[in-house]
Amino acid sequence: MTQTCIPCSGGVAPMSDPDIRAELANLHADWVFKDTAIRRRFEFKTFARAMQMANLAGWLGEREGHHPDIAFGWGWCEIALT
């Protein structure tokens, strides 16, 4: 993976709500902006796949130093980034 989170490198001001809403147009349509976070719920056919997604999101968050809120259960995983 060659992309990194530039704002997480420091020296970049947080995005305003209107800027966040404008940038959502560049993401998959399932991402939404709610309660100061962008969120997406992923659906899976098994618990194991949902857990794998949660682990992947956690690993990427740790790598980037930008830790999402992650919730998951049987067949779903929800990621929230602030």
Side-chain angles (χ1 to χ4, degrees):
M1 190 167 140
T2 59
Q3 296 177 332
T4 60
C5 182
I6 294 168
C8 291
S9 299
V12 177
M15 292 176 73
S16 67
D17 286 3
D19 289 340
I20 292 169
R21 292 181 198 287
E23 286 296 322
L24 278 178
N26 297 320
L27 300 178
H28 189 278
D30 288 349
W31 284 99
V32 297
F33 181 54
K34 180 181 177 188
D35 301 328
T36 70
I38 58 169
R39 303 170 181 276
R40 182 171 174 187
R41 184 179 174 102
F42 298 86
E43 302 287 334
F44 301 95
K45 292 186 179 185
T46 67
F47 180 80
R49 293 284 186 211
M51 187 171 57
Q52 288 171 344
M53 180 63 174
N55 286 331
L56 175 61
W59 179 81
L60 288 170
E62 182 65 21
R63 181 174 164 227
E64 293 296 319
H66 188 81
H67 303 96
D69 291 332
I70 304 167
F72 71 100
W74 198 100
W76 64 273
C77 180
E78 185 172 302
I79 309 297
L81 295 157
T82 55

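Under a cut-off of 6.0 angstrom, the local environment of CZ in Arg49 is sparse, with at most 12 non-hydrogen atoms contributed by other residues, nucleotides or ligands.
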(request) Determine, step by step, whether Phe72 and Phe47 satisfy the ring pair (Phe, Tyr, Trp, His ring centres under 6.0 Å) criterion, reporting the C-alpha distance in whole Å, the side-chain angles of both residues, the deciding distance to 0.1 Å, and the verdict. (result) CA-CA 9 Å; Phe72 71 100; Phe47 180 80; 5.7 Å; yes
(message) Pair Leu81, Trp31 - check side-chain contact (heavy atoms from CB on, under 4.5 Å), show working.
(response) CA-CA 10 Å; Leu81 295 157; Trp31 284 99; 4.3 Å; yes
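In terms of heavy atoms, Phe44 sits closest to Cys77 at CE1-CB, 4.0 Å. Among all heavy-atom pairs drawn from Asp17 and Phe33, the shortest one is OD1-CZ, 3.5 Å. The minimum heavy-atom distance between Ile70 and Gly58, with the atom names listed, is CD1-N, 3.5 Å. Here the shortest heavy-atom pairing between Arg39 and Ala80 reads NH1-CB, 3.4 Å.
In summary, the side chains of Glu23 and Asn26 do present a donor paired with an acceptor at a separation below 3.5 Å, with no hydrogens or angles considered.
Side-chain atoms of His66 do not come within 3.5 Å of backbone N or O of Leu60 as any donor-acceptor pair.
The cluster map of Ile, Leu, Val, Met, Phe, Trp and Tyr, joined by side-chain heavy atoms under 4.5 Å apart, puts Ile79 and Leu24 in the same cluster. A continuous path of hydrophobic side-chain contacts links Leu27 to Ile20 [ILVMFWY only; heavy atoms under 4.5 Å].
The structure places CH2 of Trp74 at 13.0 Å from CE of Met51, a figure rounded to the nearest 0.5 Å.
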